[in-house]
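Step one of this worksheet: look at the structure below.
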Number of protein chains: 2
Amino acid sequence: MRPVPPPGSEAELLSRAASLAGRTLAQLAFDAGVPVPDSQRRRKGWVGALVERCLGADASSLSEPDFTRIGVELKTLPLNRRGAPAESTYVCTVPLGRSPGRWEDSAVRRKLSRVLWVTVEADPVIPLAARRLGTAFLWSPNAEEERLLRADWEELTGLIALGRLEEINAHLGACLQIRPKAANARALTRAADARGAPAETLPRAVSLRASFTAAILRSAFPPPPG
Amino acid sequence: MRPVPPPGSEAELLSRAASLAGRTLAQLAFDAGVPVPDSQRRRKGWVGALVERCLGADASSLSEPDFTRIGVELKTLPLNRRGAPAESTYVCTVPLGRSPGRWEDSAVRRKLSRVLWVTVEADPVIPLAARRLGTAFLWSPNAEEERLLRADWEELTGLIALGRLEEINAHLGACLQIRPKAANARALTRAADARGAPAETLPRAVSLRASFTAAILRSAFPPPPG
DNA sequence: AGGGATCCATGATTGGATCCCA
DNA sequence: TGGGATCCAATCATGGATCCCT
């Protein structure tokens, strides 16, 4: 278990990520001194945590970017056999029971302001250990993307502020969605109801739709003309 | 079985079609003097033939538009419960064994040059007899649509001319597709192989993808802003 | 509980197969 | 056989549920 120091610049981080491209998860796990699980069924965040270690992520505390010094968030992006995102991307938990504040100050905006996307093979026919990291790239939302994110965020937090959380499901939002996020469907957390009174509800998370990260991928790697 | 005379103008045809909107297939079948089958499982072209009769289609011979005098082709467009096309749309059979000629002279272009689309409810939960006709509209490909159709047609007929028919499947083509069209998968028809020698192969048809007719629908009936 | 995510049952899609009629 | 299409098994998409670690 070799400790990797935090990167001192975006260039250093990108360079490290580029050096990991093409390596298998087995190779990364060996370098990190950790075993490769047989499957992700009971180790769902394993790839993300592995890549964090290999790149020197140092955020141990809450609501800080993974690379604290350079203010960059790390997200692994699992790609299916056609090279498209296989899953939505977790952003953060939804703060329930207090006022959402403004978009400018939101955790969603902060987390997404600067992201290193690290693509990873996720075709189920490839054994976990044999999957390779792909290209990594730095991203910040462009004006159009930020407009979309903000519109979704304001719609969703607006509903929550009105106590209409139970009306929210994963169908809402063009690029963001709010979905359950808990150990199981019986888990409860404190929230506020429509009158502001304390209530218990299922914890929720905000995530990016796979169609949105697919669009980010396309802008980062435009398809060859054909 | 009341005979309906062929329409003398597009306006007359549209007016007749408009008068059918909202009527059930049972009502149309009664007027035409034909029984309504229990299901379409063994009567797949029944709705199309019924609407032809009700509107006075008169093309009994090959490769003529359904309304010969005014040069209009009739296509029923089955819509699912969300109002989107439930199926692809048959255009014509693929001529195998002779050279495809030019797009300008092709059967696909001719058939699609002027189409009366007649929408029909096709939600499986609605009994066949109770399904209603929806709005009908006249359509010709705009410049962009014709460009797309032509590109697909040229790609597909190009492959056939090279004797690569067996490489074609329904995945090819952005708006057109080529699919089997026969009594069953053992049916054979004459074709030419890669060397131009006679060969036997499964008969094929050209159809429009449901995503393409969905786009046509959207341009005919733009969704309300919201 | 928050951060890292994937799992998987169910619904939507669709491509190859099939059906009737003239 | 060509014209009118729909059927349906298999694949794809996804939203709600779940899992581990610290």
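Numbers restart at 1 for each chain; the letters A, B, ... are given by sequence-line order, proteins then strands.
Among the heavy atoms of the strands lying under 4.0 Å from B/L188 are primed sugar atoms or P, OP1, OP2 only; no base atom is included. If you check every strand for non-hydrogen atoms under 4.0 Å, A/S39 touches nothing. Within the 4.0 angstrom heavy-atom criterion, only backbone atoms of the sugar-phosphate kind lie near A/E73; the bases stay farther away. Heavy atoms of B/D66 sit under 4.0 angstrom from primed sugar atoms or phosphate atoms, though from no base atom. A/R186 comes within 4.0 angstrom of the backbone, heavy atoms only, and of no base. When heavy atoms are screened at a 4.0 angstrom cut-off, B/P78 is found touching the sugar-phosphate backbone but no base atom.
Inter-residue side-chain proximity for B/D66 and B/E52 is flagged as met; some heavy-atom pair is nearer than 4.5 Å. In this structure, the side chains of B/Y90 and B/V206 stay at 4.5 Å or more apart for every pair of heavy atoms. The shortest distance between side-chain heavy atoms of B/R190 and B/P198 does not fall below 4.5 Å.
As a whole-Å value, the separation of B/E87 CD from C/dA17 P is 16 Å. Counting to the nearest Å, the P atom of D/dA17 and the CG atom of A/L202 are 7 Å from each other. Protein atom CG of B/L77 is 10 Å distant from nucleotide atom P of D/dA5, rounded to whole Å. If you take CG of B/D123 and C1' of C/dG11, they are 14 Å apart, rounded to a whole angstrom. The distance from atom CD of A/Q177 to atom C1' of D/dA17 is 14 Å, rounded to the nearest whole Å. When the P atom of C/dG4 is taken as reference, atom CZ of A/R53 falls 16 Å away, rounded to whole Å. In this structure, the CD1 atom of B/I168 is 14 Å from the P atom of C/dG15, given to the nearest Å. Taking atom CZ on B/R190 and atom P on D/dT1, their separation rounds to 9 Å, with Å as the unit.
A salt bridge does not link B/E87 with B/K75: every distance from a Lys NZ or Arg NE/NH1/NH2 to an Asp or Glu carboxylate oxygen is 4.0 Å or more. A salt bridge does not link B/R109 with B/E154: every distance from a Lys NZ or Arg NE/NH1/NH2 to an Asp or Glu carboxylate oxygen is 4.0 Å or more. Ion pair A/R23/A/D31 flagged as a salt bridge, since at least one NZ, NE, NH1 or NH2 atom sits closer than 4.0 Å to an Asp/Glu carboxylate oxygen.
Rounding to the nearest 0.5 Å places CH2 of A/W153 at 10.0 Å from CD1 of A/I178.
For A/T189, taking side-chain heavy atoms from C-beta onward, the closest of the listed nucleotides D/dA17, C/dG4, C/dA1 is C/dA1.
Helix bend of the helix from C/dA1-D/dT22 to C/dA22-D/dT1: the angle between its two end axes, each built from five pairs, comes to 50° after rounding to 10°.
Between the side chains of A/T189 and A/E200, no donor N or O sits under 3.5 Å from an acceptor N or O. For the residue pair A/S140/A/R114, the side-chain donor-acceptor check at 3.5 Å is satisfied. Side-chain contact check for B/T201 and B/R204: at least one donor-acceptor pair (N or O, by modelled atom type) lies under 3.5 Å.
Of the two residues contacting DNA chain C, namely A/V91 and B/N169, the nearest-nucleotide position lying further toward the 5' end is that of A/V91. Along DNA chain C, the nucleotide closest to A/W46 and the one closest to B/R82 are compared, and the more 5′ of them pairs with A/W46.
Remark: B/Y90 is in phosphate contact with D/dG3, judged by side-chain N or O atoms under 4.0 Å from OP1 or OP2. Put simply, A/T93 has a side-chain N or O that comes within less than 4.0 Å of OP1 or OP2 on C/dG3. Between C/dT14 and B/S88, no contact under 4.0 Å exists linking OP1 or OP2 to a side-chain N or O. Regarding contacts with the backbone of C/dT18, every side-chain N or O of B/R179 stays at 4.0 angstrom or more from both OP1 and OP2. The side chain of A/T89 contributes no N or O atom lying less than 4.0 Å from OP1 or OP2 of C/dA5.
Side-chain atoms of A/Q40 stay outside donor-acceptor range of the base of C/dC7, with no qualifying N/O pair under 3.5 Å.
Remark: the backbone N or O of A/V120 is not paired with any side-chain donor or acceptor of A/R131 at under 3.5 angstrom.
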Kindly give the atom pairs (protein nitrogen or oxygen, nucleotide nitrogen or oxygen) under 3.5 Å for nucleotides 19-22 of chain C.
{"residue": "C/dC20", "atom": "OP1", "partner": "B/R42", "partner atom": "NE", "Å": "3.0"}
{"residue": "C/dC20", "atom": "OP1", "partner": "B/R42", "partner atom": "NH2", "Å": "2.7"}
{"residue": "C/dC20", "atom": "O5'", "partner": "B/R42", "partner atom": "O", "Å": "3.4"}
{"residue": "C/dC20", "atom": "O4'", "partner": "B/R42", "partner atom": "O", "Å": "3.3"}
{"residue": "C/dC20", "atom": "O3'", "partner": "B/R43", "partner atom": "NE", "Å": "3.4"}

